[in-house]
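Report on the following structure.
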Amino acid sequence: MSQLPSPQPLAKRQFASDNYSGICPEAFEAIRQANHGHAPAYGEDEWTRKVCDLLREFFEKDCEVFFTINGTAANALAVATLCKPYHSIICHETSHLETDECGAPEFFSNGTKILVVGGQEGKPDLEAVERTVKRRSDIHYPKPRALSITQATELGTVYSTEEMGRVAELADRLDLTLHMDGARLGNALASLDVAPKEVTWKVGVEVVCLGGVKNGLEIGDAVVFFDRERAAEFDYRCKQAGQLCSKMRFIAAGWIGVLESGAWLRNARHANACAERLEKQLRTIPGLRIMFPRQANSVFVEMDPRVAAALAERGWIFYSFIGVGGARFMCSWDTTYEDVDALAGDIRALAERA
Ligand SMILES: *Cc1c(COP(=O)(O)O)cnc(C)c1O
């Protein structure tokens with residue numbers, strides 16, 4: 001009988017993405033505790049009921065909550081709900097919706113068109129949004145219906161409460177529904193140090209796709225509707241799209257674990273602190289350029305391609321295809337200061353040699 005190779009983790013923790021990390025202890029323990037006996041399937045269990053209540057407390061709002069396997073499904077099904085097939089949704093040109101979902105929003109909405117705009121630091125330029133809406137009003141143009149923003153953005157920047165207010169004011173004036181891709185809302189909240197409601201429903205966000213996986217869960221992001229009527233029949237959409245998990249209690253348990261223990265915010269705060277430490281060190285290395293204000297858990301760096309190549313040769317994995325080029329270093333809940341120092345030390349050694 002052939003011997004199966006025993007699976008091995010990577011030799012070191014990496015900065016490629018926060019989803020390279022494993023499951024945080026708080027989530028793992030909660031999942032373990034949920035793993036006894038039988039429970040009703042498809043979200044009819046007591047864990048799912050409880051986590052929905054916890055999220056209502058978290059947002060301080062009587063919202064409707066659904067769980068999908070991942071963030072792509074959450075975004076795509078949210079768009080499909082907000083828009084009809086002949087509508088369009090406006091978002092930034094670097095948004096996950098546009099660049100990283102393989103057309104899922106268009107597919108699940110049966111044709112809703114994504115209209116992209118530019119803008120500094122991963123945020124749609126508001127004048128460009130207005131131009132995009134007003135450019136045409138004839139029947140041949142896909143009718144703009146929604147605006148999607150990402151908090152924290154794909155470039156690691158964060159909308160302040162005031163900025164959110166300006167975005168929401170514009171959306172309201174142009175009659176656009178406001179969608180938030182909150183795959184890293186935890187990192188944004190940790191950075192802003194405000195209550196979740198201050199940058200969501202209180203400023204007019206109607207739907208948040210709330211990330212858990214990148215922040216320590218194993219599976220399962222949430223779709224949160226602040227206007228309950230918007231959520232009508234969303235459960236059917238989830239089922240049809242293959243997103244209704246039958247053993248839902250384990251998605252719910254992980255969420256309960258991180259919400260009740262405070263790990264959801266603690267994890268995000270820690271990842272942000274690691275990125276802050278990395279940024280500080282990289283700023284002292286000649287020949288590097290930090291590309292965007294570091295406000296969440298990632299640092300984007302422009303560096304000599306030879307340095308980047310040598311860094312990869314030393315076994316570091318990082319992305320250079322996100323946003324507008326440059327190397328992205330993403331910290332996660334389990335990144336350590338030693339990891340950060342090791343990475344920064346290697347970059348320094350290679351940059352000084354180049
Ligand atoms: C990771 C991410 C998602 C979700 O991606 P999945 O791989 O589908 O879980 C959504 N939006 C943003 C901005 C992300 O970074």
Side-chain angles (χ1 to χ4, degrees), residues 55-56 58-66 74-98 105 109 112-139 141-154 157-183 185 188-189 192 194-210 222-232 234:
L55 284 168
R56 288 179 193 115
F58 179 79
F59 282 109
E60 301 176 68
K61 179 82 176 161
D62 183 31
C63 45
E64 283 279 16
V65 180
F66 302 86
N75 280 336
L77 297 177
V79 171
T81 297
L82 300 180
C83 298
K84 293 205 157 71
Y86 50 84
H87 286 154
S88 54
I89 180 164
I90 302 171
C91 61
H92 192 266
E93 59 196 359
T94 62
S95 67
H96 200 271
L97 220 59
E98 163 70 6
S109 60
T112 296
K113 190 169 169 62
I114 294 179
L115 301 177
V116 296
V117 296
Q120 298 288 310
E121 299 174 6
K123 301 169 185 173
D125 177 75
L126 297 188
E127 283 174 16
V129 171
E130 181 150 9
R131 273 199 306 279
T132 301
V133 171
K134 293 189 169 167
R135 182 156 64 204
R136 298 261 298 264
S137 58
D138 58 87
I139 199 162
Y141 190 62
K143 190 174 172 32
R145 187 71 201 89
L147 174 63
S148 176
I149 58 166
T150 309
Q151 172 80 312
T153 73
E154 284 78 0
T157 57
V158 170
Y159 288 87
S160 67
T161 314
E162 295 72 35
E163 278 179 298
M164 281 301 311
R166 283 196 290 279
V167 171
E169 187 273 327
L170 179 78
D172 186 52
R173 187 157 57 76
L174 298 175
D175 201 19
L176 300 173
T177 304
L178 195 52
H179 165 262
M180 176 179 280
D181 177 347
L185 184 58
L189 291 173
L192 292 169
V194 298
K197 66 179 174 186
E198 300 295 337
V199 287
T200 55
W201 61 268
K202 267 185 82 180
V203 291
V205 173
E206 288 217 20
V207 183
V208 174
C209 294
L210 184 66
V223 184
V224 180
F225 289 88
F226 297 117
D227 174 357
R228 278 179 165 248
E229 280 178 22
R230 285 268 185 207
F234 192 78

Give a yes or no answer on whether the side chain of Thr112 reaches the backbone of Lys84 with a donor-acceptor pair at less than 3.5 Å.
yes
For Ala188 against Ala152, the heavy-atom pair lying closest together:
CB-N, 3.8 Å
What distance separates Thr177 OG1 from Arg145 CZ, expressed to the nearest 0.5 Å?
4.0 Å
Could you state the interatomic distance from SG (Cys83) to CD1 (Ile114), rounded to the nearest 0.5 Å?
9.5 Å
At what distance, to the nearest 0.5 angstrom, does NE2 of His96 lie from OG1 of Thr150?
9.0 Å
On a heavy-atom basis, the closest approach of Ser148 and Pro124 is O-CG, 4.3 Å
Side chains of Met164 and Met180: does their closest heavy-atom pair fall under 4.5 Å?
yes
Counting distance only, does the side-chain N/O of Arg56 pair as donor-acceptor with the main-chain N or O of Asp62 below 3.5 Å?
no
Ring-plane angle category for Phe226 and Trp201, please: parallel below 30°, perpendicular beyond 60°, tilted otherwise.
tilted
Per the salt bridge (Lys or Arg N to Asp or Glu O under 4.0 Å) rule, what does the pair list look like for residues 200-209, sequence neighbours excluded?
Glu198-Lys202, Glu206-Arg230
Side-chain touch Val116/Ser95, heavy atoms, less than 4.5 angstrom:
no
Going from CG on Asp181 to CG on Asn75, what distance comes out if it is rounded to the nearest 0.5 angstrom?
4.0 Å
Would you find a donor on one side and an acceptor on the other, under 3.5 Å apart, between the side chain of Thr157 and the backbone of Thr153?
no
Would you say Leu210 and Leu55 make side-chain contact, with heavy atoms under 4.5 Å?
yes
Closest non-hydrogen atom pair, Val199 against Leu189
CG2-CD2, 3.7 Å
All heavy atoms of Leu192 vs all of Ser160, minimum pair found to be CD2-CA, 3.8 Å
Sub-3.5 Å donor-acceptor pair from the side chain of His92 to the main-chain atoms of Gly119, do we have one?
yes
Close side-chain approach of Lys134 and Leu174, heavy atoms under 4.5 Å
yes
Identify the two heavy atoms, one from Arg228 and one from Cys63, that lie closest to each other, and give their separation to 0.1 Å.
NH2-O, 3.6 Å
Side chains of Val223 and Thr81 in contact at under 4.5 Å (non-hydrogen atoms)
no
Can you tell me how far SG of Cys209 sits from CD of Gln151, rounded to the nearest 0.5 angstrom?
14.0 Å
Enter the distance from Ile89:CD1 to Leu147:CG here, rounded to the nearest 0.5 Å.
7.5 Å
Identify, with sequence neighbours excluded, every residue that meets side-chain contact (heavy atoms from CB on, under 4.5 Å) alongside Leu115.
Ser88, Ile90, Lys113, Thr132, Tyr141, Pro142
Just wondering, do Phe66 and Leu77 contact through their side chains at under 4.5 Å, heavy atoms?
no
State plainly whether the residues Glu169 and Arg173 are in salt-bridge range, i.e. N to O under 4.0 Å.
yes
Heavy-atom nearest pair, Tyr159 first then Gly122, reads OH-O, 4.4 Å
